[in-house]
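Beneath this line is the structure, given in structure tokens, with notes to follow.
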Number of protein chains: 2
Amino acid sequence: MERKLSHTALVILGLLSSGTKSGYDIKRIVDRSTRFFWSASYGQIYPELRGLTERGLVRGEPGGQGGRARTVHELTRAGREALESWLHADDEFVHEIRDEGMLKLFFADAADPEARLANLAAMRRRYDALARRLRDEIEPLAAESPGAFPLLTARFGAEYYEWLVDWCDRAEAELRAASSKRTRRARPSSPTTLEP
Amino acid sequence: MERKLSHTALVILGLLSSGTKSGYDIKRIVDRSTRFFWSASYGQIYPELRGLTERGLVRGEPGGQGGRARTVHELTRAGREALESWLHADDEFVHEIRDEGMLKLFFADAADPEARLANLAAMRRRYDALARRLRDEIEPLAAESPGAFPLLTARFGAEYYEWLVDWCDRAEAELRAASSKRTRRARPSSPTTLEP
DNA sequence: ACAGACATGTAAGAAGTTACATGATTCA
DNA sequence: TGAATCATGTAACTTCTTACATGTCTGT
């Protein structure tokens, strides 16, 4: 192990640990699974696959059915060892979130009230779409895959986005309550006259 | 508005919207607030501040107390407009997560049971530390800042990480239950003899 | 005198996205 | 025949991190 492996490399090793795959396969699987906590593009996958091959962690052979050009990759012994070494290390690990909606919400004091609600609604839509996708498409897919952990993480994803949708609902209620309070104060024509 | 602004640029504009700040100030504030859904390093902040100045969205002047070198930046009219235009647009927004712990969990079928639990424990520790930090340090800080939204997002962060901690606990219980079931089956010396 | 916070910045490179180019095969 | 999917790849670019260099001021 000369140099530290990139996370993309680790994703590749991880996916290859359950059978040989092409770069195309890897991209397809990533988009239906790890994407929710680690994504990868072709621009990373293919060069990384080459790098891993040069380092002897992966072996590729022309293969697949039909005359269609295809290179299937499999882990070498060293590759499996590298994967396991990562899996068993307990270094500080990367955890980061980038959420432009949340960022807008943070600065929402500089925005109009309607824009705040619109942003929150857009966030809710996004999270809800992800929750549905995970529940309806990714979970059944993970349930069929070998091993228990893809399913565990897919279920995590679904619950997670459902929680976020719920948070958006609560935040929206709070925003509406705050703004109606302000409106009531601004318009003395409301039944404030009932007060003693 | 010639070219699209980077998110770092938007963070800077957002922070400057509530008063003039130096690059150092911006970094310090980011690390105590937006960091949890959008981070930035000096290597981005200073060059971006220069770029924004060149584009006329920000104005910097040598300032501050004492002889200490310091450049305070403020929004120009165009800068405020750019910020508001972003805040009011409803383009598709960036939402991504990178969580190495979750990634390890996804591939945990290739790891030892102890490593799985260790990883889950490390995740829990991390989320718990973030939850505490947000509750005890960031929330009080946000409560003092002008405007309601920094506080709203800080409370979100705290609840969010508390939810994650809870998820880790549930996942751990599940893992332990599954492994003890397997252990019981693997060792017929258990009081299986009681069965009819 | 020295540690630690304040303050600004850059250089190198890693990581990642986007858009494009290319071509085979399958199926309607 | 033409659209969709399979399949591989690269070039150019942006973004971001890391590590370093430099110096001031404050408090002990």
Side-chain angles (χ1 to χ4, degrees), chain A residues 2-12 20-32 34-35 37-55 58 60-73 91-98 100 103, chain B residues 2-12 20-32 34-35 37-55 58 60-73 91-98 100 103:
Chain A
E2 319 146 13
R3 244 178 43 218
K4 242 195 130 212
L5 291 168
S6 72
H7 286 92
T8 305
L10 294 166
V11 169
I12 292 173
T20 63
K21 281 163 193 73
S22 68
Y24 189 83
D25 289 337
I26 289 169
K27 170 66 171 157
R28 199 165 28 74
I29 295 172
V30 163
D31 283 345
R32 284 166 169 70
T34 70
R35 217 250 310 225
F37 36 85
W38 211 290
S39 72
S41 64
Y42 285 126
Q44 292 168 269
I45 292 169
Y46 283 110
E48 199 64 73
L49 228 24
R50 183 152 46 83
L52 287 170
T53 305
E54 279 161 14
R55 291 170 68 171
V58 151
E61 6 181 298
Q65 57 285 70
R68 203 176 253 159
R70 194 160 193 271
T71 313
V72 286
H73 300 266
D91 304 338
E92 179 92 355
F93 52 73
V94 174
H95 165 76
E96 39 172 77
I97 293 169
R98 335 203 107 188
E100 191 175 350
L103 192 60
Chain B
E2 318 145 12
R3 243 179 45 218
K4 242 194 130 213
L5 292 168
S6 73
H7 286 91
T8 305
L10 293 166
V11 169
I12 292 174
T20 64
K21 281 164 192 72
S22 69
Y24 190 82
D25 290 336
I26 289 169
K27 170 66 171 157
R28 199 165 29 76
I29 296 172
V30 162
D31 283 345
R32 285 164 168 70
T34 70
R35 220 255 304 231
F37 35 86
W38 210 289
S39 72
S41 66
Y42 285 126
Q44 293 168 269
I45 292 170
Y46 283 110
E48 198 64 72
L49 228 25
R50 183 151 47 83
L52 286 170
T53 305
E54 278 162 14
R55 290 170 70 172
V58 153
E61 5 182 300
Q65 57 284 69
R68 202 175 253 158
R70 192 160 195 271
T71 313
V72 287
H73 300 267
D91 304 338
E92 180 90 355
F93 53 73
V94 175
H95 165 75
E96 39 173 76
I97 293 170
R98 335 202 107 188
E100 192 175 350
L103 193 59

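Chain naming here is simple, since letters A, B, ... match the order of the sequence lines and numbering starts at 1 in each.
- Rounded to whole Å, atom C1' of dT17(D) lies 15 Å from atom CZ of R35(B).
- Side-chain contact between L103(B) and F93(A) is absent, with no heavy-atom pair separated by less than 4.5 Å.
- Rounded to a whole Å, the CG atom of L52(A) is 16 Å from the C1' atom of dG9(D).
- The Y42(A) side chain lies nearest to dT8(D) when the options are dT8(D), dA15(C), dT17(D).
- One finds a side-chain N or O of S22(A) lying less than 4.0 angstrom from the OP1 or OP2 phosphate oxygen of dT8(D).
- What separates CG of L5(B) from C1' of dT15(D) is a distance of 14 Å, to the nearest Å.
- Of the two residues contacting DNA chain C, namely Q44(A) and H73(B), the nearest-nucleotide position lying further toward the 5' end is that of H73(B).
- For the helix from dA1(C)-dT28(D) to dA28(C)-dT1(D), the axis fitted to the five pairs at one end and the axis fitted to the five pairs at the other end meet at an angle of 30° (nearest 10 degrees).
- The side chain of Y46(A) contributes an N or O atom lying less than 4.0 Å from OP1 or OP2 of dT8(D).
- Checked by atom type, the side-chain pair Q44(A)/T8(A) shows a donor-acceptor distance below 3.5 Å.
- Computed from coordinates, the K27(B) NZ to dA7(C) C1' distance equals 14 Å when rounded to whole Å.
- Using modelled atom types, no side-chain atom of K21(A) and backbone atom of H73(A) make a donor-acceptor pair closer than 3.5 Å.
- Listed by chain and number, the residues in a side-chain contact (heavy atoms from CB on, under 4.5 Å) with R50(A) are E54(A) (sequence neighbours excluded).
- Side-chain N/O atoms of T8(B) include one lying less than 4.0 angstrom from OP1 or OP2 on dC16(D).
- In this model, the phosphate group of dA24(C) is not approached by any side-chain N or O of R70(A) to a distance below 4.0 Å at OP1 or OP2.
- Contacts of R98(A) with the nucleic acid, taken as non-hydrogen atoms under 4.0 Å apart, involve only primed sugar atoms and P, OP1 or OP2.
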Go through L52(B) and L5(B) one step at a time and tell me if the side-chain contact (heavy atoms from CB on, under 4.5 Å) criterion holds.
CA-CA 9 Å; L52(B) 286 170; L5(B) 292 168; 4.0 Å; yes
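- For the pair E96(A) CD and dT15(D) P, the computed distance is 16 Å after rounding to whole Å.
- OP1 or OP2 of dC6(D) lies within a sub-4.0 Å distance of a side-chain N or O belonging to Y24(A).
- Computed from coordinates, the E48(B) CD to dC16(D) P distance equals 9 Å when rounded to whole Å.
- A heavy-atom distance below 4.5 Å is found between the side chains of D25(A) and R70(A).
- Under 3.5 Å, the side chains of S39(B) and E96(A) contain no donor-acceptor pair of N or O atoms.
- Taking atom CG on L10(A) and atom C1' on dG16(C), their separation rounds to 16 Å, with Å as the unit.
- The minimum heavy-atom distance between E48(B) and S6(B), with the atom names listed, is OE1-OG, 2.9 Å.
- Under 4.0 angstrom from either OP1 or OP2 of dT17(D) there lies at least one side-chain N or O belonging to S41(B).
- Residue-to-nucleotide proximity on DNA chain C shows that, of G43(B) and H7(A), the 5′-proximal contact is made by G43(B).
- In this entry the distance linking CH2 of W38(B) with C1' of dC16(D) reads 12 Å, nearest Å.
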